[in-house]
There are 2 protein chains.
Amino acid sequence: MPSEISAESLSLLKVGDIARRTGKTVRAIHLYEELGLLNPAVRSKGGFRMYRGDGVKRIEWIQKLQDMGFSLTEIKVFLRVWEESATAPKAMATVREIFTDKLRETRETIARLTRLAEELSESLAFLEGCRSCDQGQHQRECGGCGRSDHEVPLLVDGIAKR
Amino acid sequence: MPSEISAESLSLLKVGDIARRTGKTVRAIHLYEELGLLNPAVRSKGGFRMYRGDGVKRIEWIQKLQDMGFSLTEIKVFLRVWEESATAPKAMATVREIFTDKLRETRETIARLTRLAEELSESLAFLEGCRSCDQGQHQRECGGCGRSDHEVPLLVDGIAKR
DNA sequence: TATCACTCTTACGTAAACGTAAGGGTTTGG
DNA sequence: CCAAACCCTTACGTTTACGTAAGAGTGATA
């Protein structure tokens, strides 16, 4: 009877492999382990971290949550909550709660940024008018510029003073 | 002839006053000065920083730019560029450039967050289906859950594995 | 077996925007 | 003139997500 040559040992990935496949650095992956976000499936005899393919998925998941604005610490809490939920529906309920909160937060951020974008547009529109300004005018004389067609936006007004 | 009692000395503000009026801390204002973002108009005989009313405006302007995502260092560059522009139109052109860049960046951020919000919504929709899941099911048995009505979103899939 | 490319652990460094504390002066109202 | 309330400078502390370096062992290949 031929010894069963550990079939999976062939598909195990070293930390560098994982790094290449995810675009992360080895250091980052080490950090995730320190924070309890990802553990290698096993260690080689010599101590090398050996991962399975799903390690890549886990890291992509982490990345996704980071993009959403979760800190690594929050992600850790996330995992712990999940692990400590006795039943699937309960775990799902918790996840739902967290996602719901984040969704609201994300929408608020979008609203805030939208307002800022508008303000930027207005300031830019105002600045367009400065093209027609006397080319020789010194900047210290600007700020007011004699214009009264509309208000000077705060973004422009603030800098010109002093 | 009555000595002209320095009329403005009456309207000068101490750092604490500025702090109260802007909601910033004294430390923050000190920092802004270290970074070259705001200098007191004068110092009292004893060394106290004395500001004029426009100091408040300057801080509000800083706040605005911070909200827009500029770092204090970037704001400093901003001010220097302004001060070093010989002519008003040239200074305005530079400001326009910076604002244009930031506007583009802001819009990109909005787009990214919008996609994330959609992804969150999808994940939440998926999780709604978990309510009907067997109440006694252990979370380890979940993840797949036997459902095949649609794909498990990455946000949900990533956490359930292992 | 000799290499060379990897990996390990340990641990200090970094950038941002302040927080906080220490040890003293300064203003100002009474 | 005194005390409470402020202010000054100096300088180390904090958090986040890694970067970077050192010194040494490991694995796969020639």
Side-chain angles (χ1 to χ4, degrees), chain A residues 5-6 8-52 55 58-79, chain B residues 5-6 8-52 55 58-79:
Chain A
I5 297 168
S6 164
E8 60 180 353
S9 74
L10 293 174
S11 63
L12 287 177
L13 302 169
K14 285 188 289 188
V15 69
D17 301 325
I18 296 281
R20 261 184 299 280
R21 296 189 187 199
T22 59
K24 296 280 180 181
T25 64
V26 170
R27 172 61 175 126
I29 298 174
H30 284 170
L31 177 66
Y32 298 159
E33 185 175 339
E34 283 173 35
L35 295 180
L37 301 183
L38 170 66
N39 289 111
V42 295
R43 289 275 191 149
S44 75
K45 196 173 57 173
F48 283 24
R49 292 168 176 80
M50 305 303 282
Y51 302 85
R52 279 176 308 218
R58 171 60 64 93
I59 288 185
E60 285 167 354
W61 176 74
I62 292 172
Q63 180 65 57
K64 213 62 166 168
L65 291 180
Q66 278 189 297
D67 287 348
M68 289 169 55
F70 286 102
S71 69
L72 293 181
T73 306
E74 285 174 319
I75 296 176
K76 176 182 184 168
V77 171
F78 209 135
L79 275 173
Chain B
I5 298 167
S6 164
E8 59 180 351
S9 74
L10 293 174
S11 62
L12 287 178
L13 302 169
K14 286 187 288 187
V15 69
D17 300 326
I18 296 281
R20 261 185 298 281
R21 295 189 188 200
T22 60
K24 296 280 180 182
T25 63
V26 169
R27 172 61 175 128
I29 298 174
H30 284 170
L31 177 66
Y32 297 160
E33 186 175 339
E34 283 174 34
L35 296 180
L37 301 183
L38 170 66
N39 289 112
V42 296
R43 289 275 191 151
S44 75
K45 196 174 58 173
F48 282 25
R49 292 169 177 79
M50 305 303 283
Y51 302 85
R52 280 175 307 217
R58 171 59 64 92
I59 288 185
E60 285 167 354
W61 175 74
I62 292 172
Q63 179 66 57
K64 211 67 169 164
L65 290 180
Q66 277 188 298
D67 287 348
M68 290 168 56
F70 286 102
S71 69
L72 293 182
T73 305
E74 286 175 318
I75 296 176
K76 176 182 184 169
V77 172
F78 209 137
L79 275 174

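Chain letters run A, B, ... following the sequence lines, proteins first, then strands; residues in each count from 1.
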**Distance, rounded to the nearest Å, where B:Leu31 contributes CG and D:dT10 contributes P** = 15 Å

**Request:** Calculate the interatomic distance between A:Lys45 atom NZ and C:dT7 atom C1'; express it in whole Å.
**Result:** 16 Å

**Prompt:** Hey, does the side chain of B:Tyr32 come within less than 4.0 Å of C:dA17's phosphate (OP1/OP2), counting only N and O?
**Reply:** no

**Prompt:** When you measure from the side chain of B:Lys14, which nucleotide among D:dA17, D:dC7, C:dT7 comes out closest?
**Reply:** D:dC7

**Item:** OP1 or OP2 of D:dA17 under 4.0 Å from side-chain N/O of A:Gln63
**Value:** no

**Asked** Does the side chain of A:Ile75 reach to within under 4.5 Å of the side chain of A:Trp61, using non-hydrogen atoms?
**Response** yes

**Message:** Please determine whether a side-chain nitrogen or oxygen atom of B:Arg49 lies at a distance below 4.0 Å from atom OP1 or OP2 of D:dT9.
**Reply:** yes

**Request:** Rounded off to whole Å, could you give me the CD1-to-P distance for the A:Ile62 and D:dT16 pair?
**Result:** 16 Å

**Prompt:** For A:Thr25 and D:dG19, is the shortest distance between a side-chain N/O and OP1 or OP2 below 4.0 Å?
**Reply:** yes

**Fill in**
Atom CG of B:Leu12 and atom C1' of C:dT27 are separated, to the nearest Å, by 14 Å

**Request:** Would you check if A:Ile59 and A:Arg21 make a side-chain contact, meaning some heavy-atom pair closer than 4.5 Å?
**Result:** no

**Asked** Which sits closer to the 5' end of DNA chain D, A:Arg27 or B:Phe48, going by the nucleotide each is nearest to?
**Response** B:Phe48

**Complete:** Between CD1 of B:Ile29 and C1' of C:dT20 the distance, given in whole Å, is 17 Å

**Asked** With sugar-phosphate meaning primed atoms plus P, OP1 and OP2, does B:Leu72 contact a base, only sugar-phosphate, or nothing at under 4.0 Å between heavy atoms?
**Response** sugar-phosphate

**Request:** Considering just the side-chain nitrogens and oxygens of B:His30, establish if one lies under 4.0 Å of OP1 or OP2 belonging to C:dC18.
**Result:** no

**Fill in**
Rounded to whole Å, CG of B:Leu13 lies from C1' of D:dC7 at a distance of 15 Å

**Asked** Given D:dG27, is OP1 or OP2 found less than 4.0 Å from the side-chain N or O atoms of A:Ser44?
**Response** yes

**Asked** So does B:Arg27 pair up with B:Glu34, basic N to acidic O under 4.0 Å?
**Response** yes

**Message:** So, taking the atom named CD1 in B:Ile62 and the one named CG in B:Leu79, what distance separates them when rounded to the nearest 0.5 Å?
**Reply:** 7.0 Å

**Message:** Nearest whole Å is fine: how far is D:dT15 P from A:Leu35 CG?
**Reply:** 14 Å

**Request:** Calculate the interatomic distance between A:Glu33 atom CD and D:dA17 atom P; express it in whole Å.
**Result:** 17 Å

**Item:** Lys/Arg-Asp/Glu bridge criterion (N-O < 4.0 Å) met for A:Arg58, A:Glu33
**Value:** no

**Message:** Here's a test of your reading of the structure: between B:Arg43 and A:Lys24, which maps to the more 5' nucleotide of DNA chain D?
**Reply:** B:Arg43

